[in-house]
Amino acid sequence: MSIVTRFPPSPTGYLHIGGARTALFNFLLARKHGGRFILRIEDTDQARSTPEMTQAILDGMRWLGLAWDEGPYLQSERTAIYNDHVEKLLASGHAYYCDCSPEEVDAMRERARAAGLKPKYDGRCRERNLGPGPDRVVRFKTPQTGKIVFDDMVKGTIAWDVQELDDFIIRRADGSPIYQLAVVVDDALMGVTHVLRGDDHQSNTPKQILLYEALGYPLPRFGHVPMILGPDKKKLSKRHGAMSVMAYKEMGFLPEAMVNYLARLGWAHGDDEIFSLEELLEKFSVEGLGRSPSVFDMHKLTWVNSHYIKTSSPERLAPLVAELLTPMLGCAPDEDLVRQVVPLYQSRAKTLREMAEAATFFFVPTVDLTYDAKAVETHLGAEARQHLTALREVLAGITDFSVPALEAAVGAYLNAVSKPFKAIAQPLRVALTGGTVSPGLFETMAVLGKDRVLERLQHAATLIPS
RNA sequence: GUCCCCAUCGUCUAGCUCGGUCCAGGACACCGGCCUUUCACGCCGAUAACAGGGGUUCAAAUCCCCUUGGGGACGCCA
């Protein structure tokens, strides 16, 4: 049997961490078995759905590399299909019209809650045989006795007493379908065989199973993955900071790092930690999914990201860093220079943004270079001035600015004045970079180039009071 | 409140299906040390968990029950 999965986000928000992980799992499940992965936009709530969010979700999916095979389908364009099904349900006696006002229903729920019972609609319109009319919703006629049992792909057998359910609405008074109806109809019609979704949908499953049965459609397999929690162990939400997957792009995370981290949140394959998308395709299986909620850990995400930064080619990283650098510099940096700078930071930066920020001194003109006052004060004194001036002459005399040549030249100077490298390292660094932290000095000088090195040495000398 | 689900280091987790090989393994973080021109990287090392209580059994992290704790759901949202 061919597997068909889907990811059905609601365009009422961005593609967030939890949604992205669900999408990933569904993508992997389908692709691993040569099946199809469908993207469907659940915008039946016209009041809260926006095209901008749909676009944002698509952008997020693309950034992560989660290519869908079908869709995106828009539920808002399928109203007629849902209505056909509502009519079928009405005709077969599985549904009925109800004219209770929202206030009346609220009151019922309130009473039930006060009595220590589960808040439910009491079914008072069940046998009234109401026809269509304004302000009338359609409710599903939930069986009054029985159990619904299903075998969850991740949690095993789950059972519900049908008495926990009430006659839920399947079509609004304005004629639009409710989620429960729309998902079932679409999943059935689109041939979805496996529904992997968040835990928060677990309680919807019995209702949906009832709908499948009433409609005479075959049931898919359901699987509910636990929620992703914030550091406070509460459901991850905006309170916990960046939720949009694209926000992580802005923060300098690589999509492959995001995918890798997300995959490991709630899923494991032995002790393995690093997975490319290809490896995930090969190793993913629902058996590896965990049953308990997991906490989103920025530290580990960052570590995964630093791993990919270290192992990616400078060619891959350079354009991404340039993109981040542009707004910081006010203009696009020289791509070739970026390519030379990136390797110096691959083991030093944990995010691309960090890399861009740390490397700005390579790109700003010497006159605009910011010198850290504290650094200048502690490292640029009278003695430093002498060394820097002398070093400038030494360096002016060589044409080969390769790392070994620079090492040799500086080494010879140090020998002549019998000083250890330590004596000039920090002054040199401050003079060249404006601060006390940078990649290795010789690499830095090599990339900076002769002209700018001499320029900065001269400029730095002017900062030292004589 | 009612119902559903869950429960191994601070965090992600392996182990649980087929109880012994687990005085519980890996990773991140944290803390030490080494390396060293700064910062990183790298390497070495340390601290750290089977929620509690009952069973079953020769033997339980692994099976059963209860308690506690956590999460989710109870919408004319999805």
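Here is how names work: the chains are called A, B, and so on, in the same order as the sequence lines, proteins then strands, and each is numbered from 1. Remember, predicted model here, so these are calculated numbers, not experimental data. What's counted below: heavy atoms across the whole structure, side chains too, no hydrogens, waters or symmetry copies.
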Looking at the side chain of [X], which of [options] is the nearest nucleotide?
| X | options | value |
| --- | --- | --- |
| A:Val437 | B:rC39, B:rG42, B:rC76 | B:rC39 |
| A:Val137 | B:rC76, B:rA7, B:rA78 | B:rC76 |
| A:Val295 | B:rA78, B:rC12, B:rC5 | B:rC12 |
| A:Ser294 | B:rU13, B:rA40, B:rC6 | B:rU13 |

Tabulate atom names and distances for all N/O pairs under 3.5 angstrom spanning the protein and nucleotides 43-45 of chain B.
none

Length of the [atom1]-[atom2] vector between [X] and [N], whole Å:
| X | N | atom1 | atom2 | value |
| --- | --- | --- | --- | --- |
| A:Leu289 | B:rC6 | CG | P | 14 Å |
| A:Asn305 | B:rA40 | CG | C1' | 15 Å |
| A:Leu262 | B:rU13 | CG | P | 12 Å |
| A:Gln426 | B:rU36 | CD | P | 16 Å |
| A:Tyr413 | B:rU37 | OH | P | 18 Å |

Pairwise [atom1] distance for [N] and [M], with rounding to whole Å:
| N | M | atom1 | answer |
| --- | --- | --- | --- |
| B:rA40 | B:rA51 | P | 37 Å |
| B:rG71 | B:rA60 | P | 32 Å |
| B:rC35 | B:rC22 | P | 36 Å |
| B:rU62 | B:rU8 | C1' | 11 Å |
| B:rA46 | B:rC4 | C1' | 43 Å |
| B:rG25 | B:rC9 | P | 14 Å |
| B:rA48 | B:rC30 | C1' | 10 Å |
| B:rC23 | B:rA59 | C1' | 15 Å |

Is A:Arg348 side chain donor-acceptor paired with the B:rC39 base, going by distance under 3.5 Å alone? yes
Do the ring planes of A:His224 and A:Phe222 sit parallel (below 30°), tilted (30 to 60°) or perpendicular (above 60°)?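 Answer is parallel, since the angle falls under 30°.
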Once the angle between the rings of A:Tyr179 and A:His201 is folded into 0 to 90°, is it parallel (under 30°), tilted (30 to 60°) or perpendicular (over 60°)? tilted
Please list all pairs passing the ring-ring contact (aromatic ring centres under 6.0 Å, His included) test where one or both residues lie in residues 130-149 of chain A, with sequence neighbours left out.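 Listed by first then second residue: A:Phe140-A:Phe168.
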Ignoring backbone atoms, test whether A:Thr44 places a side-chain nitrogen or oxygen under 4.0 Å from the OP1 or OP2 oxygen of B:rA78. yes
A:Leu219 and its side chain to side chain contact (heavy atoms under 4.5 Å, CB included) partner, picked from A:Val195, A:Asp187, A:Ile209: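 Among A:Val195, A:Asp187, A:Ile209, the one meeting side chain to side chain contact (heavy atoms under 4.5 Å, CB included) with A:Leu219 is A:Ile209.
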Could you pick out which residue, A:Asp43 or A:Glu407, lies toward the 5' side of RNA chain B when each is mapped onto its nearest nucleotide? A:Glu407
Between A:Pro177 and A:Arg21, which residue's closest nucleotide on RNA chain B lies nearer the 5′ terminus?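 Its nearest nucleotide being more 5', the pick is A:Arg21.
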Taking ring-ring contact (aromatic ring centres under 6.0 Å, His included) as the definition, give me every residue that meets it alongside A:His85, ordered by chain and number, with sequence neighbours left out.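 Per chain and number, A:His85 pairs via ring-ring contact (aromatic ring centres under 6.0 Å, His included) with A:Tyr217.
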Can you run down the salt bridge (charged side-chain N to carboxylate O under 4.0 Å, His left out) pairs that involve residues 135-144 of chain A, sequence neighbours left out, and say none if there aren't any? none
Among pairs that include at least one residue of residues 262-276 of chain A, which meet side-chain hydrogen bond (donor to acceptor under 3.5 Å, both in side chains), considering only residues two or more places apart or in two chains?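 Sorted result for residues 262-276 of chain A: A:Arg264-A:Glu273, A:His269-A:Asp272, A:Glu273-A:Lys300, A:Ser276-A:Glu278, A:Ser276-A:Glu279.
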Go through the steps for A:Thr351 and A:Asn305 under the test side-chain hydrogen bond (donor to acceptor under 3.5 Å, both in side chains), then give the verdict. CA-CA 7 Å; A:Thr351 66; A:Asn305 199 51; 5.4 Å; no
Base, sugar-phosphate alone, or nothing: which one does [X] contact when heavy atoms must sit under 4.0 Å apart?
| X | answer |
| --- | --- |
| A:Cys98 | nothing |
| A:Leu265 | sugar-phosphate |
| A:Ala159 | sugar-phosphate |

Listing time: all N or O pairs from protein to nucleotides 67-74 of chain B that are below 3.5 Å?
{"unit_1": "B:rG71", "atom_1": "OP1", "unit_2": "A:Lys234", "atom_2": "NZ", "d": "2.6"}
{"unit_1": "B:rG72", "atom_1": "OP1", "unit_2": "A:Lys235", "atom_2": "N", "d": "3.3"}
{"unit_1": "B:rA73", "atom_1": "OP1", "unit_2": "A:Lys235", "atom_2": "NZ", "d": "3.2"}
{"unit_1": "B:rA73", "atom_1": "O4'", "unit_2": "A:Ser203", "atom_2": "OG", "d": "3.4"}
{"unit_1": "B:rA73", "atom_1": "O2'", "unit_2": "A:Ser203", "atom_2": "OG", "d": "2.5"}
{"unit_1": "B:rC74", "atom_1": "O2'", "unit_2": "A:Pro119", "atom_2": "O", "d": "3.2"}

Steps toward ring-ring contact (aromatic ring centres under 6.0 Å, His included) verdict (A:Phe37, A:His194): CA-CA 10 Å; A:Phe37 173 55; A:His194 297 251; over 10 Å; no
Residues from residues 440-448 of chain A sitting under 4.0 Å of RNA chain B, heavy atoms only?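 By residue number: A:Gly440, A:Leu441, A:Phe442.
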Between A:Asn83 and A:Arg171, is a side-chain hydrogen bond (donor to acceptor under 3.5 Å, both in side chains) present by the stated rule, with each step listed? CA-CA 8 Å; A:Asn83 275 326; A:Arg171 186 168 68 192; 2.5 Å; yes
Where is the tightest heavy-atom contact between A:Gln346 and A:Ile309, given as atom of each residue plus distance?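 Closest approach of A:Gln346 to A:Ile309, heavy atoms only: NE2-O, 2.9 Å.
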How about A:Tyr308 and A:Tyr261: are their ring centres within less than 6.0 Å of each other? no
Counting C-beta onward and ignoring hydrogens, is there a side-chain heavy-atom pair between A:Ser49 and A:Thr44 closer than 4.5 Å? no
Using the side chain to side chain contact (heavy atoms under 4.5 Å, CB included) criterion, which residues pair with [X]? Sequence neighbours excluded.
| X | result |
| --- | --- |
| A:Ser203 | A:Trp160 |
| A:Pro231 | A:His240 |
| A:Ala425 | A:Phe421, A:Leu441 |

Quick one: do A:Gln426 and A:Arg429 satisfy side-chain hydrogen bond (donor to acceptor under 3.5 Å, both in side chains)? Show the steps, please. CA-CA 5 Å; A:Gln426 286 304 72; A:Arg429 174 167 282 114; 2.7 Å; yes
In 5'-to-3' order, the base (B), backbone-only (S) or no-contact (-) status of each nucleotide in nucleotides 22-33 of chain B, using a 4.0 angstrom heavy-atom cut-off, is ---BBBSS----
Could you check A:Gln163 against A:Lys118 for side-chain hydrogen bond (donor to acceptor under 3.5 Å, both in side chains), going step by step and ending with a plain yes or no? CA-CA 10 Å; A:Gln163 307 216 356; A:Lys118 188 156 208 155; over 6 Å; no
N/O contacts under 3.5 Å, protein versus nucleotides 62-66 of chain B?
none

